[in-house]
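Residue numbers start at 1 and run along the sequence shown. The structure displayed is predicted, hence computed values, not measured ones.
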Amino acid sequence: MGGLKEVIYYMFHPVQLRHIIQWKMWHEPVHVRDSSKEAPTLQSCFKFLDMTSRSFSAVIQELNSEMVVPIALFYLALRGLDTIEDDMTISASVKEPMLREFYKILTKDGWTFTGNGPDEKDRELLVHFDDVVAEMKKLKKNYYDIIEDITLKMGNGMADYAINAEFQSGVVTVAQYEEYCHYVAGLVGEGLTRLFVEGGYANPALLERMELTESMGQFLQKVNIIRDVHEDFEDNRRFWPKDIWGKYVDKWEDMFDPKYRTQAVHCSSEMVLNALKHAEHCLFYMAGIKEQSVFNFVAIPQAMAIATLDLVFQNPKIFDSHLKITKGDACHLMTQSTQNLRLVCDVFRQYARRIARKNDPRDPHYLEISMTLGKIEQFIETLFPTQDAKNVKALHSEKAEEKPDTDVWESLMLVFAVLVFMLIMSGLMLGTAYVFGARWDMVRNGTVSATVEKVAQITTSLAHEEL
């Protein structure tokens, strides 16, 4: 039945089908992973990578041979940590020490965990985590040290929230919201950047601009939190800060009541505004990536994020269903995002304009959103100035008007230079003649002209005999 629904859908959406076919037919990975040369434990790791996140798995497996394994294991380590933190069936007394000590587990031979609830979607990863440990011990020390450090920091951050009774009822302040996003996503950006720089695939200057790295993670996490609001509500979790939603409704449950739908949409606009402030930093960060496969890895999720913001903006459906961008749009975004920064900027500009068109003047954040979107376009313009036909034509007209004055001035200068040159050459010739004894007195007395006439008469009187 599902297949029939897809056929009918694509019959009425041929552009979506075209995008999918183009990606499947024409996309050529920069690098192709050769699983035949891998140990069984590494093959198992990539199997769990596919199970936990098919979208991330695809871009990870197209990384160059130096980065593919460290980043795959980094992702699995953090996914294991997240699986413990997300499982509401694990008590805080068990969860907290596990999160804080998880970095030590990364090299603990044979470690597995079967304490997750049966409905936890990624529990199989922890059941077979010994395969991840086996491969983690084979990593180069410089890569392993980075993964261990980020796992330690993230585990402590998650543990702090796990035992915080106040957080169990949801995030309260915007500062808490930012801090939570830092621990679950900003640290991921830091770890990836350190791995890229260590491998020589990113500009080391990125390590001096950690706000760029932070924004990369925060942008993705905030978009996911906005999109998943209904799913989190059903799981009794709340990540939208009360300092924001409390402006619009009295109780969190009211956000999902159709009676308060207008207030809920206005609240979501403020959440979108909060996420959009990271867009410029994300583009700036991508300019520091040196290698194509690494660029693809960081660009694809960012392009998906800005497209998702367009999907959820002014969309009341996020409060009663789970929204995702279509497969066709995802394929089109991947095609655009796996080429260069200019095309990624075009994607951001395109979706910023789509968001601007949906921006409602009745929304209390209308002006702020418009200004933020304008700043994004302005930043892109500084990176890649637009060749506007009207501006180019006006520039040519200005040059045409200036040209006659310039030509006259250049002509006068040229005539003056020629005259000066002729005067100098004449002076040199006369001076040379004088040095070699020229008879100027004969010229003054007319002797030279008389002599010339006499020679001419003699010459004409000569008769030439035939040879």
Closer than 3.5 angstrom, by distance alone: can the side chain of [X] be matched with the main-chain N or O of [Y] as a donor-acceptor pair?
X: Ser293; Y: Val30; result: no
X: Glu270; Y: His266; result: no
X: Lys358; Y: Asp310; result: yes
X: Asp228; Y: Glu231; result: no
X: Gln218; Y: Glu178; result: yes
X: Glu120; Y: Arg123; result: no
X: Lys95; Y: Asp87; result: yes
X: Gln43; Y: Ser35; result: yes
X: Ser44; Y: Pro40; result: no

Rounded distance (nearest 0.5 Å) linking atom CD1 of Ile376 with atom CD of Gln378: 11.5 Å
Between Lys140 and Glu66, does the salt bridge (Lys or Arg N to Asp or Glu O under 4.0 Å) criterion hold? Intermediate values first, please. CA-CA 10 Å; Lys140 294 179 181 178; Glu66 180 70 13; 2.8 Å; yes
Asp34 meets the salt bridge (charged side-chain N to carboxylate O under 4.0 Å, His left out) criterion, sequence neighbours left out, with Lys37
So [Y] and [X], do their side chains get closer than 4.5 Å, heavy atoms only?
X: Leu126; Y: Trp111; answer: yes
X: Ser215; Y: Phe284; answer: no
X: Ile306; Y: Leu276; answer: yes
X: Ile244; Y: Tyr177; answer: no

Working note: Arg349 + Asp346, criterion salt bridge (Lys or Arg N to Asp or Glu O under 4.0 Å); need CA distance, chi angles, decisive distance, verdict. CA-CA 5 Å; Arg349 181 190 284 116; Asp346 287 342; 2.9 Å; yes
Count the heavy atoms of every other residue, nucleotide or ligand shown that sit under 6.0 Å from [atom1] of [X], and state whether that count exceeds 12.
X: Lys121; atom1: NZ; answer: no
X: Glu253; atom1: CD; answer: yes
X: Met210; atom1: CE; answer: yes
X: Lys290; atom1: NZ; answer: yes
X: Lys324; atom1: NZ; answer: no

If the threshold is 4.0 Å, N to carboxylate O, is there a salt bridge linking Lys141 and Asp145? yes
Under the criterion salt bridge (Lys or Arg N to Asp or Glu O under 4.0 Å), I'd like the reasoning laid out for Asp149 against Arg194: C-alpha separation, chi angles, the key distance, then a yes or no. CA-CA 11 Å; Asp149 181 51; Arg194 288 166 61 184; 2.8 Å; yes
With respect to His278, which candidate in Gln221, Glu211, Lys222 satisfies the side chain to side chain donor-acceptor pair (under 3.5 Å) definition? Lys222
Show your working on salt bridge (Lys or Arg N to Asp or Glu O under 4.0 Å) between Asp232 and Arg227 and close with a plain yes or no. CA-CA 10 Å; Asp232 289 333; Arg227 181 197 63 192; over 6 Å; no
Aromatic centroids of Phe129 and Phe102 separated by under 6.0 Å: yes
